[in-house]
Amino acid sequence: MPMQNRFQHLFAVISGQRFLNKQGLGNEVPFFICPYKPEESVEMERLLRLLVNSLEQAGVRILEINLYDLSIEILKEEDTWNRIIEVEDSVPKEEFKELLQGMLDPETHLVPAIAAKLASTDFQVLFLSGVGEVFPYIRSHNVLNNLQSTAKEKPTVMFFPGAYTYSPESGTSLDLFGRLRDDKYYRAFNIFHCEA
C-alpha cells in the first residue's frame, strides 16, 4: 500500500469514534500494530510526524513515546548513561546487551516510565515508536506483554519495522525487520485490517 494510502487509512481509523471508544475488540486489550517495511523507516518517520500533527488538528490527543528516546531518558535519570558510553567499546557485545537488558527491563524500568508518562498526560491514543532502534536489548513483545495492565484504558499503536503475521501452524508473531521472528504475540490487531 502506498504511503499516502496508509496515511489516509491510519488517519481515518484512529480519528474514528469506533477506534477511540475501543468498540468491536471483544474484550481484548486495545493494542494495534502498524507494520511497515524496514527500508521504509525514513518515510514512515515522516508519515508519523504528519499523522500526529493531522490527528492533533482534528482534536485527537496523541501521546507519542519513542522507546529509544525513553531508554536514554531512563539511563540518564538512573545516572548510568555516562558509564554505558564509557564501557560500550570495551565490553563484549553479548555482555553489553545483557547490561542494557537489565537496566531497561520492561517490567521493572520501561513500563513504569511509560506509566508515569501516561499518568501525567491528557491523551486519547498512545503511539509507540523506536522499536527497531532498541533491538535487541528491548523486545517489542515484552513491552506489549508488560503494558497490558498499564495501557489498557486507551488505544495503543505500535509502529513496527517488520511484519505482523499469522499462520495456523505457528499463530501470530512479530517478525522484526522481516527476518527476526519474535516470540508469539496474540493480543494485538493489525491496524491495516481495521475498518475506518
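Note that the numbering runs from 1 along the sequence shown for the chain. Here the structure is a predicted model, which is why all the values come from computation and not from measurement.
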- Note on the structure: Output for pair (I62 CD1, L55 CG), nearest 0.5 Å, gives 4.5 Å

- Side chain proximity check, V60 to F11, heavy atoms < 4.5 angstrom: no

- Task: Give, for atom NE2 of H193 and atom CD1 of I191, the distance between the pair rounded to the nearest 0.5 Å.
- Result: 11.5 Å

- Message: Assess whether a salt bridge exists between K93 and E98, defined as any Lys/Arg side-chain N lying under 4.0 Å from an Asp/Glu carboxylate O.
- Response: no

- Message: Nearest 0.5 angstrom please: L50 CG to Q4 CD, how far?
- Response: 8.0 Å

- V87 to F96 - nearest heavy-atom pair and separation: CG2-CE1, 4.3 Å

- Message: I need the minimum non-hydrogen distance between S71 and V134, along with the two atoms involved.
- Response: OG-CG1, 3.8 Å

- Message: Within the structure provided, determine whether N66 and L128 are in side-chain contact (heavy-atom separation under 4.5 Å).
- Response: no

- Task: Decide yes or no for M103 and L75: does some side-chain heavy atom of the first lie under 4.5 Å from some side-chain heavy atom of the second?
- Result: yes

- Task: Answer yes or no: is there a donor N or O on one side and an acceptor on the other, between the side chain of Q124 and the main chain of R61, under 3.5 Å?
- Result: yes

- Query: Side chains of L147 and I114: closer than 4.5 Å at any heavy-atom pair?
  - Reply: yes

- Using a cut-off of 6.0 Å, state whether more than 12 heavy atoms not belonging to D79 lie near its atom CG. no

- Task: Evaluate the side-chain proximity of T156 to F32: yes if any heavy-atom separation is below 4.5 Å, no if none is.
- Result: no

- Item | V42 reachable from L51 in the ILVMFWY side-chain graph, under 4.5 Å edges | no

- Task: Identify whether the distance between the nearest side-chain nitrogen and carboxylate oxygen of E43 and R46 falls below 4.0 Å.
- Result: no

- Message: Closer than 4.0 angstrom, basic N to acidic O: yes or no for E73 and K117?
- Response: yes

- Task: Could you walk me through whether S140 and F135 pass the side chain to side chain contact (heavy atoms under 4.5 Å, CB included) test, one step at a time?
- Result: CA-CA 8 Å; S140 48; F135 178 83; over 6 Å; no

- Counting only N and O atoms by type, is there a donor-acceptor contact under 3.5 Å from the side chain of K154 to the main-chain atoms of F123? yes

- Item | Within-4.5 Å side-chain heavy-atom neighbours: V13 and H9 | yes

- Task: Verify side chain to side chain contact (heavy atoms under 4.5 Å, CB included) between L126 and V157, making sure each step is shown before the conclusion.
- Result: CA-CA 6 Å; L126 170 62; V157 180; over 6 Å; no

- Message: Checking side chain to side chain contact (heavy atoms under 4.5 Å, CB included) between Y137 and each of L99, D105, L100, which is the one that passes?
- Response: L100

- Message: Quick check: closest heavy atoms across P112 and P106, and the distance to 0.1 Å?
- Response: CD-O, 3.7 Å

- Message: So which atom in A151 and which in F31 form the shortest heavy-atom distance, rounded to 0.1 Å?
- Response: O-CE2, 3.5 Å

- Message: Within the supplied structure, the quantity of interest is the number of heavy atoms (other residues, nucleotides, ligands) at a distance under 6.0 Å from R49 CZ; does it exceed 12?
- Response: yes

- Nearest-0.5 Å distance that lies between atom OG in S129 and atom CG in D69: 7.5 Å

- Message: With a 3.5 Å distance limit and no angle check, can you tell me whether N21 reaches the backbone of Q23 through a side-chain donor-acceptor pair?
- Response: no

- Item | Least distance between heavy atoms, F189 atom then E28 atom | CZ-CB, 3.8 Å

- Mind checking the CD1-CE spacing from I33 to M158? Nearest 0.5 Å is all I need. 5.5 Å

- Query: Does the side chain of R6 reach to within under 4.5 Å of the side chain of E40, using non-hydrogen atoms?
  - Reply: yes

- Query: Do V125 and I14 touch side chain to side chain, with heavy atoms closer than 4.5 Å?
  - Reply: yes

- If you take all heavy atoms of L20 and S15, which pair is closest and at what distance? CD1-O, 3.8 Å

- From CE (M44) to CZ (F160), nearest 0.5 Å: 12.0 Å

- Run the side chain to side chain contact (heavy atoms under 4.5 Å, CB included) check on L48 and F127 step by step: do they pass? CA-CA 9 Å; L48 182 56; F127 280 4; 3.5 Å; yes

